[in-house]
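Since we're looking at a predicted model, the values are computed, not measured.
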Amino acid sequence: MNRLFFRYLVEVLVGIVGPMNMLPQPLRDETFLDLAAMADALGRSADYRVLRRLVARPTYTPANGQEVKTGVLLDTETTGLDHRKDEIIELGMVKFDYLADGRIVGVRDVFSAFNEPSGPISAEVTALTGITDEMVAGHRIDDTAVLACEC
């Protein structure tokens with residue numbers, strides 16, 4: 001497949017081109033309208049990274065006598081490593097169920113929030129975390145929302 005075709009695929013996917021009837025006839029062929037095929041074609045190119053929607057897992061039902069435990073993955077990003085002066089800029093939590101052998105069998109709840117610190121985020125922290133001042137601007141971690149989370 002050539003670059004022009006890839007360009008049309010990307011433009012169709014992001015809505016730049018507009019209605020499909022505006023594309024040249026070969027590109028309107030139903031073979032090319034299969035989104036999975038488009039994603040596969042783009043994924044084979046070094047120029048694109050294709051993300052796919054995750055399909056929710058069915059609810060796990062343990063076998064008789066099988067113990068299911070619950071855990072919480074907690075992730076924080078901060079403005080530095082000194083707990084006396086640095087601030088949390090992101091809080092993430094995932095509550096999940098797992099078996100004694102360590103297999104995760106379900107996700108119960110997730111929480112994610114940014115927090116604007118009292119000063120600017122250093123270039124070092126942004127390089128490490130990918131979090132910028134613009135991303136956290138105007139955000140506060142809501143204690144009530146954290147407590148209400150099933151996490």
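No more than 12 heavy atoms of other residues, nucleotides or ligands shown are found within 6.0 angstrom of CG on Asn64. Residue Arg140 qualifies as enclosed at atom CZ: its count of foreign heavy atoms under 6.0 Å is above 12.
When the side chains of ILVMFWY residues are joined at heavy-atom separations under 4.5 Å, either directly or via intervening members, Val136 and Ile88 end up in two distinct hydrophobic clusters. Under a hydrophobic clustering in which Ile, Leu, Val, Met, Phe, Trp and Tyr are joined whenever their side-chain heavy atoms come within less than 4.5 Å, directly or via other members, Val110 and Ile104 fall into the same cluster.
The shortest heavy-atom contact between Ser118 and Glu87 is OG-OE2, 2.6 Å. The minimum heavy-atom distance between Val125 and Gly80, with the atom names listed, is CG2-N, 4.4 Å. Heavy-atom minimum distance, Phe114 versus His139: O-CB, 3.4 Å. Nearest heavy atoms, Gly71 versus Tyr98: N-CE2, 3.8 Å. Shortest non-hydrogen contact noted between Asp97 and Arg108 is OD1-NE, 2.7 Å. When all heavy atoms of Val105 and Tyr60 are compared, the closest pair comes out as O-CB, 3.4 Å.
Proximity of Ile141 to Glu90: side-chain heavy atoms (C-beta onward) are nowhere separated by under 4.5 Å. Ile131 has its side chain out of reach of Thr126: every pair of non-hydrogen atoms, C-beta onward, lies at least 4.5 Å apart. Counting only heavy atoms from C-beta outward, the side chains of Lys95 and Thr70 approach each other to under 4.5 Å.
Atom-to-atom distance recorded for Ile121:CD1 and Glu116:CD is 8.5 Å, nearest 0.5 angstrom. Atom CG in Asn115 sits 11.5 Å away from atom OG1 in Thr76 (nearest 0.5 Å). Atom CG of residue Asp75 and atom CG of residue Leu91 lie 8.5 Å apart, to the nearest 0.5 angstrom. The CG atom of Leu128 lies 7.0 Å from the CD atom of Glu77; values are rounded to the nearest 0.5 Å.
With Val94 as the fixed residue, the side chain to side chain contact (heavy atoms under 4.5 Å, CB included) test singles out one of Asp109, Val72, Leu74, Val107: Val107.
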Please test Lys69 against Leu99 for side chain to side chain contact (heavy atoms under 4.5 Å, CB included), starting from the C-alpha separation and ending with a verdict. CA-CA 6 Å; Lys69 298 180 180 187; Leu99 302 177; over 6 Å; no
Asp86/Thr78 under side-chain hydrogen bond (donor to acceptor under 3.5 Å, both in side chains): CA gap, chis, key distance, verdict: CA-CA 6 Å; Asp86 292 313; Thr78 63; 5.9 Å; no
